[in-house]
Colleague: 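The structure under discussion is supplied below as structure tokens; questions concerning it will follow.
Ligands are counted one by one from 1 in listed order, and the atoms in each one are counted from 1 as well.
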Amino acid sequence: MLSRRSAFRSLAALAAGSPLFSQTEDVNTPVNVHEFEEIAKRKLHKLAYDFIASGAEDERTLRANREAFDRVFLLPRVMIDVSEIDTSSTFLGIRHEFPIFVAPTGGKNLVIPNADETVAAAALNKKIAICTATGTQKLIEEGKPVVWWTNLIGTPDKRSAETYARRVEDQGAQAIVLTVDNPYQSNRDRNNHNRFDYAYMQTGVPKPGEPIPPPRIPATAAMHKPHNPNLTWQWIGWAKGASKLPIIVKGILNPLDAALAVQNGADAISVSNHGGRQLDGAIASLDALPECVDAVGGKIPVLMDGGIRRGQDILKALALGAKGVLIGRAPLWGLAAFGQPGVERVLWMLGAELKLAMGLAGVRKLSEIDRRLVRKIPA
Ligand SMILES: Cc1cc2nc3c(=O)[nH]c(=O)nc-3n(C[C@H](O)[C@H](O)[C@H](O)COP(=O)(O)O)c2cc1C
């Protein structure tokens, strides 16, 4: 016979594993971004989850992005008055409350229809800048103070570059993010196994239980699909000749390219491997960051993206020379788990975790963060 206490415990354990428990699950249930991903995984169609979560081929770079953070440790300072902590900074002339920006992510409609607009609304509410091709148009028309960076450049010839730069400037963009690491659609094994059809990015995936039709654009064939293989440094000059918008070059890993970006007029770079989704075997973003920062030599600000899931990850990136970070999958896990409130909670959580990590590390403001705050310990 069970005692009353152990009977209660077994009932609680049963409830925790039962569907009843997940019905009571709300946006406050997950306590970190990893748990948002677990809920997103349960709620999303496998095709959609894999599309978002996966990296290219053997996913070495995808894993390396996270593992790089595991090898960097913080050396906290103590006996500093940290009762006030300021996470704000100025980037490209605009003051931001947090050094966190929402990265461009295509295919959000795999999660919910009009997802770009939902994520943009969440970013606005949390005062975070967002990079999106289309999501902010409605907010701008309504006169909302959204900070919007755009990202869909089209054909990389002079005339298109000029027309594009003028158009997005008129539409209210505050910067152009020029993605330079996807000349071709990459090879993603998970998508290939799933017979993922890139047309789903517009139409959404089949409903749970519905059969998966044969792909209209088979993922393996899409691997050979050129995006913009003729994109060169000239693009920056063309766009800058036609508009005043700053250009953030996203997808730099090699310090030689970091230096060339400066020479060719980039206003900022993001050290990035596209979240491990393009060239598998490419170096982790965090590992590439310090050399790229050195190559730029303080002439333009450097962002980084890839693997950010915690506030302490952001602190490590800032210590290694980033002025801010872009986050790709984290807001998508919030979106898939709980819609707009989920995105807002993820954005809030990362900001709050950063602030706490700064306080625990004895840092009062971003300008106090430098390489002396971290030590790389090889695995
Ligand atoms: C589903 C998905 C779609 C993406 N689409 C784009 C894109 O269209 N353009 C781009 O520059 N980067 C794209 N990225 C890469 C992100 O901008 C960013 O570099 C990457 O997600 C950062 O890694 P993280 O997801 O670990 O934060 C995409 C990433 C994901 C997860």
Colleague: Could Arg277 and Phe51 be counted as a cation-pi pair, given that NZ or CZ must be under 6.0 Å from the ring centre and within 45° of the axis?
Modeller: yes
Colleague: Would you mind finding which of Ala133, Ala53, Gly106 brings a heavy atom closest to atom 8 (O) of ligand 1?
Modeller: Gly106
Colleague: Can you pull out the closest protein heavy atom to atom 27 (O) of ligand 1? Residue, atom name and distance to 0.1 Å, please.
Modeller: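 Nearest protein contact, heavy atoms only, for atom 27 (O) of ligand 1 is Gly328 N, 3.0 Å.
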Colleague: Answer yes or no: is there an ion pair linking Glu38 with Arg42, defined by an N-O contact shorter than 4.0 Å?
Modeller: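 Between Arg42 and Glu38 there is no salt bridge, as every charged N stays at least 4.0 Å from the carboxylate O atoms.
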Colleague: With heavy atoms only and a cut-off of under 4.0 Å, state how Thr179 meets ligand 1: side chain, backbone, both or neither.
Modeller: side chain
Colleague: Pairing donors with acceptors under 3.5 angstrom, does anything connect the side chains of Asn273 and Thr61?
Modeller: no
Colleague: Any N or O of Thr105 that comes nearer than 3.5 Å to an N or O of ligand 1?
Modeller: no
Colleague: Nearest to atom 1 (C) of ligand 1, what protein heavy atom do you find, and at what distance?
Modeller: Arg277 NH2, 3.4 Å
Colleague: Who's closest to atom 6 (C) of ligand 1 heavy-atom-wise, of Ser54, Pro104, Ala48?
Modeller: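 Among Ser54, Pro104, Ala48, the closest heavy atom to atom 6 (C) of ligand 1 belongs to Pro104.
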Colleague: Could you state the interatomic distance from CD1 (Ile140) to CD (Gln171), rounded to the nearest 0.5 Å?
Modeller: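 Ile140 CD1 to Gln171 CD: 7.5 Å, rounded to 0.5 Å.
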Colleague: Under 4.0 Å from a heavy atom of Arg309: give me the atoms of ligand 1 that qualify, with their elements.
Modeller: 24 (P), 26 (O), 27 (O)
Colleague: Using a strict 4.0 Å cut-off to heavy atoms of Gly306, name the atoms of ligand 1 that fall inside it.
Modeller: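 In order of numbering, the contacting atoms are 22 (C), 23 (O), 26 (O).
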Colleague: Would you tell me whether Thr155 and Asp157 have side-chain atoms, one donor and one acceptor, within less than 3.5 Å of each other?
Modeller: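 Absent: no donor and acceptor within the cut-off.
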Colleague: What is the closest protein heavy atom to atom 12 (N) of ligand 1, and at what distance does it sit?
Modeller: Lys250 NZ, 3.0 Å
Colleague: Side chains of Gln278 and Arg188: any donor to acceptor distance under 3.5 Å?
Modeller: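 Note: Arg188 and Gln278 side chains meet the donor-acceptor criterion.
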Colleague: Taking the non-hydrogen atoms of Gly107, is any one of them nearer than 4.0 angstrom to ligand 1?
Modeller: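 Gly107 does not count as a contact of ligand 1 under the 4.0 Å cut-off.
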Colleague: Quick one: which ligand 1 atoms are inside 4.0 Å of a heavy atom on Phe51?
Modeller: 1 (C)
Colleague: Taking the six-membered ring for Trp, are Tyr198 and Phe196 closer than 6.0 Å centroid to centroid?
Modeller: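 For Tyr198 and Phe196, the ring centres are under 6.0 Å apart.
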Colleague: Arg329 versus ligand 1: do any nitrogen or oxygen atoms come within less than 3.5 Å of each other?
Modeller: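 In this structure, Arg329 places an N or O atom under 3.5 Å from an N or O of ligand 1.
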Colleague: Could you tell me whether ligand 1 has any atom less than 4.0 Å away from a heavy atom of Lys108?
Modeller: no
Colleague: Show which atoms of ligand 1 fall inside a sub-4.0 Å distance from at least one heavy-atom site of Ser272.
Modeller: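 Listed by number with element: 19 (O).
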Colleague: Any atom of ligand 1 sitting under 4.0 Å from a heavy atom of Ala330?
Modeller: no
Colleague: Considering only heavy atoms, which of Gly251, Gly307, Ser285, Gly275 lies nearest to atom 26 (O) of ligand 1?
Modeller: Gly307
Colleague: Should we say atom CD of Glu84 is surrounded by more than 12 heavy atoms from elsewhere, each under 6.0 Å from it?
Modeller: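 Not more than 12 within 6.0 Å, no.
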Colleague: Over all heavy atoms of both residues, which pair between Leu326 and Ser270 is shortest? Give the atoms and the distance, please.
Modeller: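 The answer is CD1-OG, 3.5 Å.
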Colleague: Centre of Phe338's six-membered ring, under 6.0 Å away, within 45 degrees of the axis: is that where NZ or CZ of Lys43 sits?
Modeller: yes
Colleague: Does Asn151 approach ligand 1 within less than 4.0 angstrom via side chain, backbone, both or neither, non-hydrogen atoms only?
Modeller: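 Answer for Asn151: side chain.
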Colleague: Looking at Arg60 and Asp58, does any basic side-chain N land under 4.0 Å from a carboxylate oxygen?
Modeller: yes
Colleague: Between the side chains of Glu344 and Gln340, is a donor N or O closer than 3.5 angstrom to an acceptor N or O?
Modeller: yes
Colleague: Who's the nearest protein heavy-atom neighbour of atom 15 (C) of ligand 1, and how far?
Modeller: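 Result: His274 CD2, 3.5 Å.
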Colleague: What protein heavy atom is closest to atom 22 (C) of ligand 1, reported as residue, atom name and distance in Å?
Modeller: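 So the nearest neighbour among protein heavy atoms is Asp305 OD1, 3.3 Å.
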